[in-house]
Every structure is written in structure tokens, then in C-alpha cells.
Amino acid sequence: MSERNRDPKIQGEGDYESARRYRKDVERFVEENDTEELAREAAPHSEQEADEMLAAERKGRSRSKVRKPEDTQEDTQKER
């Protein structure tokens with residue numbers, strides 16, 4: 001194994017320092033914020049807004065490698 005591979009500051013998929021920093025930031029955010037209240041604030045405030053959010057979510061997932069069955073059914077129905 002090369003000397004570079006033993007470096008604890010490895011960049012890329014083994015970037016341990018970034019992972020530690022991310023975990024620390026998430027823990028601090030959860031401690032300092034009311035996440036339940038933030039979730040309520042982010043929830044749709046109308047049926048139209050809920051539909052728009054769902055459509056945006058489906059559009060985003062349509063580009064992912066793993067799709068939910070309802071996304072693929074909608075794509076199939078559009079093609080007909």
C-alpha cells in the first residue's frame with residue numbers, strides 16, 4: 001500500500017475529515033433547531049402546492065438510477 005493511501009486526510013470517497021465535519025455540522029444543526037417545526041414550515045400549505053412539490057420530486061427522481069414504481073408507471077402512461 002502506498003504512503004498516500006495511509007494518509008488520514010485522503011480526498012475523494014475516503015475523505016474522513018469531510019465526513020467528520022459533516023456529522024458535526026448536522027449534530028449542531030439538530031441541537032440548535034426545532035426540526036419538527038422546520039418540517040411543518042416546509043410542508044405544503046395547499047393542495048396545489050402539494051401537487052407541485054410531488055411533480056418536482058418525480059421529475060428529480062426520473063433522472064436517478066433507482067426509480068419508484070409510480071414514477072415508471074407515469075412515464076409509461078405519458079408515452080401512450
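Note: hydrogens, waters and symmetry copies are ignored here, and every other heavy atom, side chains too, is used. In this text the structure is predicted, and so the values were computed from the model without any measurement.
- Side-chain contact, R61 with S64: no donor N or O sits under 3.5 Å from an acceptor N or O.
- Applying the side chain to side chain donor-acceptor pair (under 3.5 Å) test to pairs two or more places apart or on separate chains, those with a residue in residues 29-38 are E37-R40.
- The local environment of CD in E41 is crowded, with over 12 non-hydrogen atoms from other residues, nucleotides or ligands closer than 6.0 Å.
- Under the rule for a side chain to side chain donor-acceptor pair (under 3.5 Å), E27 has no partner lying at least two apart in sequence or in another chain.
- Here the side chains of E57 and L54 are in contact, with some heavy-atom distance below 4.5 Å.
- With sequence neighbours excluded, the residues forming a side-chain contact (heavy atoms from CB on, under 4.5 Å) with E49 are P44, H45, S46, M53, listed by chain and number.
- The shortest distance between side-chain heavy atoms of Y22 and D15 does not fall below 4.5 Å.
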